[in-house]
Amino acid sequence: QVQVVESGGGLVQTGGPLRLSCAASGRTSSISAIYWHRQAPGKARELVAGVSNGGSTNYVNSVKGRFTISRDNAKNTVYLQMNSLKPDDTAVYYCRVDSDDGRGYWGQGTQVTVSS
């Protein structure tokens, strides 16, 4: 019912910026909140940031002050602006879209690699 596509990943040097995009399509009127997760090899997937329909945001402590999540309702797109990137930020980043029907929809992931 909801399709999710991430984009914007790539290779960036330590300290550099990168902006990820999460575009939703389908039954977008049912979207209640959108989250960014990430997973590095050998590590568990972790919640990085989230934004609700009301505009409230939350972040994992390790990215506070560096990452900003925002939502463009007109475009059905959520962004993750990542600044001051560190090698520890290297991971596959996934977008999760929560629907009012109680389901969660995941994107395919986009690779972020931060070189030292």
Side-chain angles (χ1 to χ4, degrees):
Q1 294 181 3
V2 179
Q3 293 75 50
V4 182
V5 178
E6 304 100 330
S7 62
L11 176 64
V12 64
Q13 294 184 6
T14 296
L18 201 64
R19 189 177 76 162
L20 305 182
S21 298
C22 173
S25 60
R27 248 175 42 86
T28 56
S29 61
S30 69
I31 296 173
S32 60
I34 301 180
Y35 305 89
W36 283 99
H37 294 73
R38 67 184 180 187
Q39 187 168 25
K43 299 183 67 177
R45 186 173 298 186
E46 67 171 344
L47 176 65
V48 176
V51 61
S52 70
N53 280 351
S56 62
T57 60
N58 59 81
Y59 304 90
V60 68
N61 285 338
S62 61
V63 308
K64 287 182 178 178
R66 299 189 299 120
F67 290 11
T68 302
I69 187 170
S70 61
R71 183 172 181 177
D72 186 338
N73 290 325
K75 296 182 178 180
N76 295 312
T77 300
V78 164
Y79 305 96
L80 185 67
Q81 179 65 50
M82 306 184 293
N83 297 322
S84 302
L85 283 165
K86 306 174 181 179
D88 285 347
D89 295 318
T90 296
V92 177
Y93 284 71
Y94 298 91
C95 182
R96 190 189 94 211
V97 176
D98 281 1
S99 173
D100 288 337
D101 62 9
R103 291 180 169 84
Y105 301 88
W106 292 84
Q108 82 289 346
T110 185
Q111 176 72 48
V112 173
T113 302
V114 184
S115 63
S116 60

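A donor-acceptor pair is defined here as one N or O able to donate and one able to accept, closer than 3.5 Å; no such pair exists between the side chain of T77 and the backbone of A23. Formation of a donor-acceptor pair under 3.5 Å by the R66 side chain with backbone atoms of S84 is found in this model.
Between Q3 atom CD and S25 atom OG the span is 4.5 Å, to the nearest 0.5 Å. To the nearest 0.5 Å, atoms CD1 (I34) and CZ (R71) are separated by 4.5 Å. The CG atom of D89 lies 10.0 Å from the CG atom of L18; values are rounded to the nearest 0.5 Å. Atom-to-atom distance recorded for K43:NZ and R38:CZ is 7.0 Å, nearest 0.5 angstrom. For the atom pair CG of L20 and OG1 of T110, the computed distance is 6.0 Å after rounding to the nearest 0.5 Å. Taking CG of L11 as the start and OG1 of T113 as the end, the distance is 6.0 Å to the nearest 0.5 Å.
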Q. Would T28 and S30 satisfy side-chain contact (heavy atoms from CB on, under 4.5 Å), going step by step from the backbone distance to the final call?
A. CA-CA 5 Å; T28 56; S30 69; over 6 Å; no

Q: Evaluate the criterion side-chain contact (heavy atoms from CB on, under 4.5 Å) for residue pair L47 and W36; output intermediate values, then yes/no.
A: CA-CA 6 Å; L47 176 65; W36 283 99; over 6 Å; no

Q: Mind running side-chain contact (heavy atoms from CB on, under 4.5 Å) on C22 and V4 for me, showing each step along the way?
A: CA-CA 7 Å; C22 173; V4 182; 3.5 Å; yes

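The two atoms that bring A24 and I31 nearest to each other are CB-CD1, 3.7 Å, heavy atoms only. Minimum interatomic distance between S116 and P87 (heavy atoms only, all atoms of both residues): CB-CG, 4.1 Å. Scanning all heavy atoms of the two residues, the minimum distance from P17 to Q81 falls at CB-NE2, 4.0 Å. Taking each heavy atom of A91 and Q111 in turn, the nearest pair found is O-NE2, 3.4 Å.
Using a 4.5 Å heavy-atom threshold, the side chains of Y93 and Q39 count as separate. Using a 4.5 Å heavy-atom threshold, the side chains of E46 and H37 count as separate.
Cluster membership check: V92 does not share its hydrophobic cluster with I69, using side-chain heavy-atom separations under 4.5 Å among Ile, Leu, Val, Met, Phe, Trp and Tyr. Linking Ile, Leu, Val, Met, Phe, Trp and Tyr whenever their side-chain heavy atoms come within less than 4.5 Å puts V48 and V112 in one cluster. With hydrophobic clusters built from ILVMFWY side chains whose heavy atoms lie under 4.5 angstrom apart, V2 does not share a cluster with Y35. Hydrophobic cluster membership is shared by Y59 and V51, with clusters built from Ile, Leu, Val, Met, Phe, Trp and Tyr side chains linked at under 4.5 angstrom.
Qualifying side chain to side chain donor-acceptor pair (under 3.5 Å) partners for D100, counting only residues two or more places apart in sequence or in other chains: none.
Under the 4.0 Å criterion applied to side-chain N and carboxylate O atoms, R103 and D101 are assigned as salt-bridge partners.
Ring pair W106/Y94 is perpendicular by interplanar angle, where above 60° counts as perpendicular and below 30° as parallel.
Side-chain N/O atoms of Y79 and R19 include no donor and acceptor closer than 3.5 Å.
Summarising the local packing, CD of Q13 is surrounded by 12 or fewer heavy atoms from other residues, nucleotides or ligands at distances under 6.0 Å.
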